Number of protein chains: 2
Amino acid sequence: MSKLPYRIENVGGHQPIAAETASHECCLVVKGYVSARSAGSTQSMQIPSIHVPGDVPDLGKIYDSELELEMAALGAVVVAFVPVRGLRELADYSSNIRAGLSLLLLADSYMLRNALSNVGSRNALARVAHLLCELYARLHAVGLARTEEIPCPFTQADLGEMCGLSAVHINRTVQQLRERGLVEWHSRVIRLIDRAELARLAGFSPAYLRVPGDRTSRRLHYGHSLAAAE
Amino acid sequence: MSKLPYRIENVGGHQPIAAETASHECCLVVKGYVSARSAGSTQSMQIPSIHVPGDVPDLGKIYDSELELEMAALGAVVVAFVPVRGLRELADYSSNIRAGLSLLLLADSYMLRNALSNVGSRNALARVAHLLCELYARLHAVGLARTEEIPCPFTQADLGEMCGLSAVHINRTVQQLRERGLVEWHSRVIRLIDRAELARLAGFSPAYLRVPGDRTSRRLHYGHSLAAAE
DNA sequence: CGGCGATTTGACATCGCTCAACGCTCGTGG
DNA sequence: CCACGAGCGTTGAGCGATGTCAAATCGCCG
């Protein structure tokens, strides 16, 4: 019971992740960013949630085997597939693990709620600022992002989809952030120059992400990552 | 173990629900609509999720005792408060109940994801149409909405917040829906004249709500409601 | 009747989208 | 080494969708 079997896979570009084996394996993000949108909604522009290393976008499969998420790699990505069955057994085994998994599930809805109020009630500038703050906070929480830089293998158009904005307008918005001396964006790396001001502008409150000094969800995420990689 | 204690409460108008006792009781919607937004985000316009009878907006408290949602009544509402502890014990007692509760939690993120793609990628007309379709589907799933009418004790401004639109624009959009012969809206009741066309216009696919012919989540919602009211 | 909240309407401002074009960088093949 | 094309970032022009403000109307209730 101490080891979960897993299977590592490299995915590049804007490739889809694991459409076939989907039903019996969960996908742990090990490196890079993964976008997830609910399958079936094939409509053009969609605002998916984005996942960082340590996340398990389709963790819900543990409880709902019919859950289908369309996941895609934003830039080069390393993912690990873990059998759902193993996770289920793990959950049955210990009530602590059960609680942890549920917390992870909950964390997901926190983020969604958050993203919802982001696209629903902020203008372009604040939306992008908010997304950057959130990304930073989440990376920081799992030990990445020690400096003020966040790697950005994805394109501006991708950013647009996350914020519900067109690629063109994203560009202009980013330029505005640059002019204000808040961020730099060079060669696939975004540097947050003035994170405090960025957060103020975005109305970003890390509290409702449960991320920063957080003791439960994120830690569990991380521990989970270790467990699967061990 | 067969009965959960509970406490019924009537709330009217745009009143907040249970800010004080929040931490140790969950709130089951019995009658009417309840809006829920994550606490702390006191910013003006927010797009909360909306909950219908049978829902437990703050069910997450079972696993995260610090979860705080600002709930409010949209029109007259009846809610039942159930001690979190009782629910926890219930969950510990049976793995089926555990699975059911997790499914309910999951259903919540489905709805959020859905709402996200709604405000993120549709224009005003489609957003409103989509919201109406969703509301109908959810009411129908719990046995309300036998006809094509959905009670609407809330104001157009409320509808606006749900869709991320201004009150004025909501009004114009509703009028457009009326002109197209899709809906009527008289005296606190919305009547869906042409639900098929409405769904087409909205790109509404009940599938990703897990609601209509659904065998798990919604039924459990309902069963839950019964359990608590019994 | 008076008053209040909700709906409606009009005028106007603004934001963000679309279309189209251009430049830049990089990898690929001649 | 150079030509070329592809993908991405950038820029400009025009416009449609939506927000804001203000006022009129309607309906309900005291």
Side-chain angles (χ1 to χ4, degrees), chain A residues 12-15 33 43-47 72-76 117-131 151-179 183-191 201-202, chain B residues 12-15 33 43-47 72-76 118-131 151-180 183-191 201-202:
Chain A
H14 279 171
Q15 300 308 307
Y33 302 95
Q43 297 163 45
S44 51
M45 192 181 76
Q46 288 286 347
I47 290 73
L74 294 176
S117 85
N118 194 26
V119 299
S121 63
R122 281 185 249 263
N123 65 10
L125 199 65
R127 273 189 230 178
V128 175
H130 192 278
L131 188 70
C152 161
F154 45 77
T155 155
Q156 289 192 350
D158 292 328
L159 227 194
E161 292 202 350
M162 298 180 218
C163 298
L165 292 172
S166 75
V168 172
H169 204 66
I170 275 286
N171 184 344
R172 297 192 165 112
T173 306
V174 168
Q175 285 176 55
Q176 211 174 330
L177 288 176
R178 280 201 276 244
E179 285 165 13
V183 309
E184 285 172 5
W185 180 328
H186 294 139
S187 61
R188 316 272 107 176
V189 172
I190 300 178
R191 182 186 183 83
L201 201 164
Chain B
H14 278 171
Q15 300 308 308
Y33 301 95
Q43 297 162 45
S44 52
M45 191 183 77
Q46 288 285 345
I47 289 74
L74 295 176
N118 194 27
V119 299
S121 63
R122 281 185 250 263
N123 65 9
L125 199 66
R127 272 189 231 179
V128 176
H130 192 279
L131 189 69
C152 163
F154 45 77
T155 156
Q156 289 191 352
D158 292 328
L159 227 194
E161 292 203 350
M162 298 180 219
C163 298
L165 293 171
S166 74
V168 172
H169 204 67
I170 276 285
N171 184 344
R172 297 193 165 112
T173 307
V174 168
Q175 286 177 54
Q176 210 174 330
L177 287 175
R178 280 201 276 245
E179 285 165 13
R180 297 193 183 198
V183 309
E184 284 171 6
W185 180 328
H186 294 137
S187 62
R188 320 268 105 179
V189 172
I190 300 177
R191 180 186 184 82
L201 201 162

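Please read these numbers as outputs of a predicted model, since none were measured by experiment. Naming: A, B, ... by sequence-line order, numbering from 1 per chain.
- Contact of the V128(A) side chain with the Q176(A) side chain is not registered, since no non-hydrogen atoms from C-beta on lie closer than 4.5 Å.
- Taking the side chain as every heavy atom from C-beta outward, R178(A) and V183(A) approach each other to under 4.5 Å.
- Using a 4.0 Å cut-off, no side-chain N or O of N171(A) falls inside it from OP1 or OP2 of dG9(D).
- Distance CG (L74(B)) to C1' (dA6(C)): 15 Å, rounded to an integer number of Å.
- Between T155(B) and dG5(C) there is no side-chain polar atom (N or O) within less than 4.0 angstrom of OP1 or OP2.
- Distances shown here put a side-chain N or O of Q175(A) below 4.0 Å from the OP1 or OP2 atom of dT11(D).
- The CG atom of L125(B) sits 17 Å away from the P atom of dG16(D) (whole-angstrom rounding).
- Closest to the V168(B) side chain, of the nucleotides dT18(D), dG16(C), dG10(C), is dG10(C).
- Taking 4.5 Å as the limit, some side-chain heavy atom of P151(A) sits within range of a side-chain heavy atom of Y33(A).
- Taking 4.0 angstrom as the limit, R188(B) places a side-chain polar atom (N or O) nearer than this to OP1 or OP2 of dT7(C).
- For the pair W185(A) CH2 and dG9(D) P, the interatomic distance rounds to 6 Å; values are reported in whole Å.
- At least one donor-acceptor pair closer than 3.5 Å links the side chain of D158(B) to the backbone N or O of T155(B).
- Remark: the R172(B) side chain and the dG10(C) base include a donor-acceptor N/O pair separated by less than 3.5 Å.
- Between the CG atom of L165(A) and the P atom of dT18(C) there is a distance of 11 Å, given to the nearest Å.
- Under 4.0 angstrom from either OP1 or OP2 of dG7(D) there lies no side-chain N or O belonging to Q156(A).
- The interatomic distance linking E179(A) (CD) with dT11(D) (C1') rounds to 13 Å, in whole Å.
- Per the geometry, CD1 belonging to I170(B) stands 9 Å off P belonging to dG19(D), to the nearest Å.
- A straight line from NE2 of H169(A) to P of dA13(D) spans 17 Å, rounded to a whole angstrom.
- Nucleic acid contact class of V174(A) (heavy atoms, under 4.0 Å, all strands): none.
- When the side-chain nitrogen and oxygen atoms of R122(B) are compared with OP1 and OP2 of dT18(D), none of them lie within a distance under 4.0 Å.
- Panel note: side chain R122(A), backbone R127(A); no donor-acceptor pair is recorded below 3.5 Å.
- Within the 4.0 angstrom heavy-atom criterion, no nucleotide atom of any strand lies near A167(B).
- Taking atom CD of E184(A) as the reference point, atom C1' of dG9(D) lies 17 Å away to the nearest angstrom.
- No contact: R127(B) has no heavy atom under 4.0 Å from any strand.
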